[in-house]
Amino acid sequence: MKTLMKSLLLLLLLSFLCFSCGKDEECQDADFIEFGQYYGYCAGERCIEIYKLDASQLYEDTSDIYPSATLNDNKKFILLPSQKFDLAKGLINSFPLGLLSETKVTFGIPDAYDQGGLYLRYKSEQTDRLWLFDNDLTQVPEYTHNYLDEVKRIKELLQ
């Protein structure tokens with residue numbers, strides 16, 4: 001019985017070491033992410049579409065405040081149906097964590113030529129960051145391209 005207990009304790013310790021983060025790794029779980037697309041020279045309901053996604057629910061911002069490079073918690077979110085959450089839930093786990101190491105907030109010149117921009121925010125216990133991206137993906141880091149394409153695709157499905 002003692003051998004079994006020692007083996008279980010050793011297995012538990014090894015599991016903890018294998019699945020915990022190393023010194024140089026990002027080890028964060030997002031409380032939520034916000035994502036969306038915005039257009040300044042636009043008329044109508046679909047000019048600013050921003051969503052908030054956590055581990056179990058998806059919300060839509062109804063304030064339609066034009067994004068800036070500073071955090072703004074004046075958004076007003078409404079809960080969306082679980083079917084819409086199911087469409088977007090993969091975005092939280094596939095978030096490009098390399099962005100957390102970036103010093104820039106703005107990539108390219110979002111919405112400068114009436115082409116709109118993409119908005120991302122990552123909030124965890126340790127981090128609260130946002131980024132604005134040009135819709136011209138040649139102006140943004142290559143490692144974000146697939147994720148930003150997926151954000152655009154999900155945003156279209158949610159409308």
Side-chain angles (χ1 to χ4, degrees), residues 20-159:
S20 63
C21 297
K23 289 180 185 176
D24 299 329
E25 296 176 49
E26 290 291 340
C27 186
Q28 299 190 29
D29 289 324
D31 294 337
F32 65 83
I33 62 168
E34 292 176 3
F35 64 93
Q37 203 163 16
Y38 59 95
Y39 296 89
Y41 190 70
C42 174
E45 168 63 26
R46 305 231 185 263
C47 297
I48 300 170
E49 294 291 331
I50 295 181
Y51 300 90
K52 180 178 179 177
L53 175 67
D54 65 27
S56 61
Q57 296 179 323
L58 178 67
Y59 306 85
E60 182 178 3
D61 175 36
T62 60
S63 67
D64 293 337
I65 298 170
Y66 190 84
S68 71
T70 57
L71 287 171
N72 174 356
D73 282 330
N74 292 326
K75 296 179 191 77
K76 293 176 176 63
F77 289 102
I78 58 168
L79 181 63
L80 295 176
S82 61
Q83 298 87 345
K84 291 196 175 197
F85 167 77
D86 290 340
L87 293 171
K89 65 184 176 185
L91 288 176
I92 201 162
N93 292 328
S94 62
F95 189 90
L97 292 176
L99 281 173
L100 300 177
S101 301
E102 294 284 353
T103 56
K104 294 172 75 173
V105 172
T106 304
F107 294 93
I109 311 171
D111 205 26
Y113 307 105
D114 301 331
Q115 85 283 17
L118 292 162
Y119 170 87
L120 285 180
R121 179 180 178 191
Y122 182 96
K123 171 79 168 85
S124 73
E125 211 172 280
Q126 301 87 6
T127 304
D128 194 355
R129 299 271 316 271
L130 73 83
W131 301 269
L132 304 174
F133 297 91
D134 200 308
N135 268 321
D136 176 3
L137 293 185
T138 64
Q139 302 299 310
V140 305
E142 188 173 335
Y143 70 89
T144 65
H145 290 188
N146 290 339
Y147 189 78
L148 294 175
D149 283 340
E150 185 66 1
V151 164
K152 289 180 196 178
R153 187 183 77 77
I154 297 298
K155 187 201 71 78
E156 290 300 317
L157 291 173
L158 293 173
Q159 293 182 338

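None of the values given here were measured: they were computed from a predicted structure. Hydrogens, waters and symmetry mates are skipped; everything else that's a heavy atom, side chains included, is used.
- Note: Glu49 CD to Lys152 NZ = 15.5 Å, rounded to the nearest 0.5 Å.
- Using bins of under 30°, 30° to 60° and over 60° for the plane-to-plane angle, the ring pair Phe95/Tyr122 lands in the tilted bin.
- Tyr51 is not listed as a side-chain neighbour of Ile33, based on a closest heavy-atom distance of 4.5 Å or more.
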Decide side chain to side chain contact (heavy atoms under 4.5 Å, CB included) for Leu99 and Tyr147; before the verdict, give the C-alpha distance in whole Å, the side-chain angles of both, and the deciding distance to 0.1 Å. CA-CA 11 Å; Leu99 281 173; Tyr147 189 78; 6.0 Å; no
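- Looking at heavy atoms from C-beta onward, Thr144 lies out of side-chain contact with Phe107 at the 4.5 angstrom threshold.
- Leu132 contributes atom CG, which lies 13.0 Å from atom CD1 of Ile109 (distance to the nearest 0.5 angstrom).
- In this structure, Asp61 contributes its side chain and Lys76 its backbone to a donor-acceptor pair below 3.5 Å.
- Taking every heavy atom of both residues into account, Leu100 and Arg129 meet most closely at O-NH1, 3.1 Å.
- Salt bridge Arg153/Glu150: present, at least one basic N to carboxylate O contact under 4.0 Å.
- Counting all heavy atoms, side chain and backbone alike, Tyr39 lies closest to Asp111 at C-OD2, 3.7 Å.
- Distance check: Thr62 OG1 to Ile78 CD1 gives 6.0 Å after rounding to the nearest 0.5 Å.
- Nearest heavy atom pair, residue Phe85 against residue Ala55, reads CZ-O, 3.4 Å.
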Side chain to side chain contact (heavy atoms under 4.5 Å, CB included) assessment of Trp131 paired with Leu118: CA-CA 8 Å; Trp131 301 269; Leu118 292 162; over 6 Å; no
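- For the atom pair CZ of Arg121 and CG of Asp128, the computed distance is 4.0 Å after rounding to the nearest 0.5 Å.
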Determine, step by step, whether Tyr38 and Asp64 satisfy the side chain to side chain contact (heavy atoms under 4.5 Å, CB included) criterion, reporting the C-alpha distance in whole Å, the side-chain angles of both residues, the deciding distance to 0.1 Å, and the verdict. CA-CA 9 Å; Tyr38 59 95; Asp64 293 337; over 6 Å; no
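- Put simply, the side chain of Ile65 does not reach to within 4.5 Å of the side chain of Ile48, judged on heavy atoms.
- Atom CG of residue Leu158 and atom CG of residue Leu80 lie 7.0 Å apart, to the nearest 0.5 angstrom.
- Between Lys104 and Thr106, the shortest heavy-atom distance links the atoms CE-O, 3.4 Å.
- Within 6.0 Å of the CD atom in Glu142, the count of heavy atoms belonging to other residues, nucleotides or ligands does not exceed 12.
- Side chains of Val151 and Phe133 form no contact here, defined as non-hydrogen atoms less than 4.5 Å apart.
- What you find for Pro67 and Ile50 is that their closest heavy atoms are CG-CD1, 3.8 Å.
- Shortest non-hydrogen contact noted between Ala88 and Ile154 is CB-CG2, 3.7 Å.
- For the atom pair CG of Leu58 and CZ of Phe35, the computed distance is 5.5 Å after rounding to the nearest 0.5 Å.
- With Glu34 as the fixed residue, the salt bridge (Lys or Arg N to Asp or Glu O under 4.0 Å) test singles out one of Lys75, Lys155, Lys123: Lys75.
- Applying the 6.0 Å contact sphere to CG of Asp31 captures more than 12 heavy atoms from other residues, nucleotides or ligands.
- Residues Asp86 and Lys89 have side chains in contact (heavy-atom distance under 4.5 Å, counting atoms from C-beta outward).
- Neither side chain, Asp136 nor Tyr113, offers a donor N or O lying under 3.5 Å from an acceptor on the other.
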